[in-house]
Amino acid sequence: MAEETAGFAPRARFAEPALVNGSVGVVVAPRGRLLLALTVTVEDGRIAAYEVIADPARLSRLELGLLDDVRPHVASAHG
């Protein structure tokens, strides 16, 4: 898995969680241009499979949605 996804490292800063065909996934869209989507299959709390979709024809058929801010919130020691 790591070897196959290493080529996407330069684009990682553009990655955002999203709904991809109704399931949680990741989209990479620098400057608003969709380059790829990543879908994952989770079994027993672990990623069992993933698919990277970069074909423009397939990307155009995806149903995409925004997720609320899913980053963990860290409580401040000052309040």
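Checked against Leu64 for a side-chain contact (heavy atoms from CB on, under 4.5 Å), the options Leu59, Leu34, Leu19 give a single hit: Leu34.
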Scan the side chains in residues 21-33 for donor-acceptor partners under 3.5 Å anywhere in the protein, sequence neighbours excluded, and list what turns up.
unit_1 : atom_1 : unit_2 : atom_2 : d
Asn21  : OD1    : Glu63  : N      : 2.8

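Sorted by first then second residue, the salt bridge (charged side-chain N to carboxylate O under 4.0 Å, His left out) pairs that include residues 44-62, not counting sequence neighbours, are Glu51-Arg58.
Side-chain contact check for Leu38 versus Tyr50: some heavy-atom pair is nearer than 4.5 Å.
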